[in-house]
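On a predicted model such as this, the values are computed, not experimentally measured, just so you know. These values consider heavy atoms only, across backbone and side chains, with no hydrogens, waters or symmetry-generated copies.
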Amino acid sequence: MPSQGEGGETGLQPDPACGDRKRRRGGTRLRERRHLSQFLTQLAQDDSRERISVTDLLVLLEGRATAGLLLLFGFPNMLPMPPGTSGILGLPLVYLSLQMMLGRPPWLPRFIAERSLPRADFAAIIRRSTPFLARAERLLAPRIAALSSPVALRLAGALCFGLSLVLLLPIPLGNMLPAAAICVFALGVLERDGLWMITGCLLAVLSFAVVSGVVWAFLRGLALLLG
């Protein structure tokens, strides 16, 4: 599958597919980027589509594809899910965060990229998740520009990569905190909000500490049992 270029700065470019609006205010033309929640709502309401695939999202999100897909795959992991679900949803996060860490355009293997949902099912998911996303977007604003630099994005990608590997571990309810950290990072990248990037770092450190404690306790208990 051909990758969609992002210029190596995932989430920081305007998204032509989202139809940036232009308006005049005092004679000056201003560009307005729509929030991700608005774009997803419009896509879910597009009657011309019978199914929505991951490839569709890669193409349509363009400059925001990596951060947008990190959010879309990360959000379900914040919810109580059947055992094994985090392993399935965590795999795309590994690919996407690795490319973000390397500063490369988003790419997913064919068996993931070609997965699709009927538009009605996609719309139902968007209806449930959009209110939470919209509330978060109201708290976001471009700030602390240094944390939106390419180097900062690569560091965020490295943390998300580590968090996505944690998601693959079969730890009961161990996916929620790492998924929350990934989602906070993704929102910070989408809206160039350095404050949310800092919050994502703190959540990442807490996630690694909690999971390390759980793994250590399990190994210690196993050693005592076998000893």
task = Report yes if some heavy atom in the side chain of R64 is under 4.5 Å from a heavy atom in the side chain of L69; otherwise report no.
result = no
key: Smallest separation among heavy atoms of S164 and I182, with atom names   = N-CD1, 4.0 Å
note = So CD1 of I198 and CG of L147: to nearest 0.5 Å the spacing works out to 5.0 Å
query = Listed by chain and number, what are the side chain to side chain donor-acceptor pair (under 3.5 Å) partners of S129, not counting sequence neighbours?
reply = none
query = Got a second to check how far L93's CG is from L168's CG, nearest 0.5 Å?
reply = 8.5 Å
key: Nearest-0.5 Å distance, OG of residue S97 to CG of residue L159   = 10.0 Å
query = Should the pair D47-R119 be classified as a salt bridge under the 4.0 Å nitrogen-to-oxygen rule?
reply = yes
ask   = Are side-chain heavy atoms of L140 and L195 found at a separation under 4.5 Å?
value = no
inquiry  = Do R51 and S116 pair up side chain to side chain, a donor and an acceptor below 3.5 Å, judged on atom types alone?
reply    = yes
query = Mind checking whether L163 and L177 have side chains closer than 4.5 Å, heavy atoms only?
reply = no
ask   = Which residues pass the salt bridge (Lys or Arg N to Asp or Glu O under 4.0 Å) test with R143, sequence neighbours left out?
value = D193
inquiry  = Once you measure the plane-to-plane angle for W107 and Y95, does it fall in the parallel (<30°), tilted (30-60°) or perpendicular (>60°) bin?
reply    = perpendicular
ask   = Sub-3.5 Å donor-acceptor pair from the side chain of E114 to the main-chain atoms of S53, do we have one?
value = no
query = Do I52 and D46 come within less than 4.5 Å of each other through their side chains, counting heavy atoms only?
reply = no
ask   = What distance separates L40 CG from L36 CG, expressed to the nearest 0.5 Å?
value = 4.0 Å
query = Hey, does L70 have a side-chain heavy atom less than 4.5 Å from the side chain of M100?
reply = yes
note = Output for pair (F185 CZ, T199 OG1), nearest 0.5 Å, gives 9.0 Å
